[in-house]
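All ligand and atom numbering here is 1-based and tracks the order in the structure. Just so you know, residue 1 is the first one in the sequence shown, and it goes up from there.
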Amino acid sequence: MSTLDMTRIPEHVGIIMDGNGRWAKERGMARVQGHSAGMKALKEIVKRADTLGVKYLTVYAFSTENWVRPADEVSGIFKLLVLYVAQELKELDDNNVKVNILGDVSPLPEDAKNSIEKALRTTGNNTGLVFNIAINYGARAEIASAVNALIAEGRREIVPDDISSRLYTAGMPDPDLIIRTGGEYRLSNFLLWQAAYSELVIRPEYWPDFTPEVFEEAISEYQGRDRRFGGVK
Ligand code: FPP
């Protein structure tokens, strides 16, 4: 049973979906099977985030540093993205979910780019949950690109909002809560700028074992935090 305060659901939740590889290894399976199980977990979390009233959900699916993984694992993740869109797009659209991509998709395989384009086109006018998929995403590259845009505009002096408004998340609130599964305590180049005041919740479960119930426990932990944003009570 959920013990959540429905008046204090985080508006923006970020998730570092870690542990797919370890989940697979423990079962004597290939890493890509861990990602496949992770894709199934993701389906359920998107639905629960939506029913709980989360407004922005940002998930880290592939980082700019993940290209060094074995080729079959990299191509396997992109195949899962294609499969995810094929299986879920209609329901996402029916639920008014707006899909958005954070990252540079230009080096992705053609079929993955086509799926992304279809998802963006189909859900572009939706007004419900904003579902950000970070793919070929890295926060340092994102910040550097924002700075380069400002240089190109001829700016000699900037304020923090100038950076914020040139990130992939321009116009969105910063994440209130960032969840990392798989038990490790780091951000791994995820939303570094936007995470300035995010509450971090680390869960021991590997991502494929991250059920909607565990998601609610993570939100419950967030609701127990005292957010001061540098001030005092
Ligand atoms: C991190 O676990 C996970 C990833 C790099 C991939 C995440 C991908 C999915 C959840 C499925 C794809 C779904 C879509 C929509 C693209 P890890 O491999 O680093 O795990 P480990 O730390 O145990 O090795």
Side-chain angles (χ1 to χ4, degrees), residues 13-50 57-93 95 97-105 107-120 122-123 129-139 168 178-191 202-212 214-215:
V13 179
I15 308 184
I16 301 171
M17 308 183 287
D18 197 21
N20 294 345
R22 282 166 284 167
W23 183 93
K25 192 172 178 201
E26 279 186 3
R27 287 161 180 77
M29 296 160 106
R31 291 181 58 84
V32 71
Q33 289 178 281
H35 297 313
S36 176
M39 192 260 269
K40 294 191 181 89
L42 177 61
K43 287 182 182 177
E44 300 311 313
I45 297 308
V46 177
K47 286 167 203 169
R48 184 61 61 97
D50 193 20
L57 178 70
T58 302
V59 300
Y60 205 6
F62 191 86
S63 81
T64 47
E65 286 74 44
N66 286 151
W67 291 100
V68 297
R69 293 188 178 207
D72 65 327
E73 181 176 350
V74 171
S75 65
I77 292 173
F78 296 138
K79 283 193 189 115
L80 285 168
L81 175 71
V82 172
L83 194 63
Y84 181 86
V85 171
Q87 292 176 347
E88 297 296 292
L89 185 57
K90 183 173 184 312
E91 189 176 339
L92 291 171
D93 189 35
N95 289 327
V97 173
K98 179 175 176 151
V99 177
N100 192 35
I101 298 290
L102 314 187
D104 173 16
V105 298
L108 266 54
E110 279 309 311
D111 59 347
K113 282 198 272 197
N114 291 338
S115 292
I116 287 170
E117 202 188 299
K118 186 176 177 196
L120 297 178
T122 306
T123 66
L129 171 71
V130 174
F131 175 32
N132 292 321
I133 306 173
I135 198 149
N136 194 25
Y137 171 87
Y168 291 115
I178 293 179
I179 300 167
R180 181 174 185 136
T181 62
E184 282 170 320
Y185 286 69
R186 57 174 170 266
L187 282 173
S188 301
N189 206 15
F190 182 59
L191 303 179
I202 311 296
R203 293 293 311 198
E205 297 84 3
Y206 296 142
W207 174 251
D209 295 326
F210 190 79
T211 59
V214 182
F215 183 41

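- In this comparison of Lys25, Arg31, His35, the heavy atom closest to atom 11 (C) of ligand 1 sits on His35.
- Counting heavy atoms under 4.0 Å from ligand 1, residue Val59 does not touch it at all.
- Scanning all protein heavy atoms for the shortest distance to atom 13 (C) of ligand 1 gives Met39 CG, 4.0 Å.
- Evaluated by nearest non-hydrogen atom to atom 8 (C) of ligand 1, the leading choice among Ala134, Ala24, Ala61 is Ala61.
- The protein atom (non-hydrogen) at minimum distance from atom 19 (O) of ligand 1 is Arg69 NH2, 2.8 Å.
- Of all the atoms in ligand 1, the ones that sit under 4.0 Å from a non-hydrogen atom of Asn66 are 5 (C).
- Protein heavy atom nearest atom 12 (C) of ligand 1, with residue, atom name and distance: Leu80 CB, 4.2 Å.
- When only non-hydrogen protein atoms are considered, atom 9 (C) of ligand 1 lies nearest to Asn20 ND2, 3.8 Å.
- Atoms of ligand 1 lying under 4.0 Å from at least one heavy atom of Trp207, given by number and element, are 10 (C).
- Here the heavy atom of the protein found nearest to atom 22 (O) of ligand 1 is Asp18 OD1, 3.0 Å.
- Residue Ile133 has no nitrogen or oxygen atom sitting less than 3.5 Å from a nitrogen or oxygen atom of ligand 1, judged on distance alone.
- Between Ile116 and Val85 there is no side-chain heavy-atom pair separated by less than 4.5 Å.
- Looking only at heavy atoms of the protein, atom 3 (C) of ligand 1 is closest to Met17 O, 3.2 Å.
- If you check which protein heavy atom lies closest to atom 15 (C) of ligand 1, you get Leu42 CD2, 3.7 Å.
- With respect to atom 20 (O) of ligand 1, the closest heavy atom belonging to the protein is Gly21 N, 3.1 Å.
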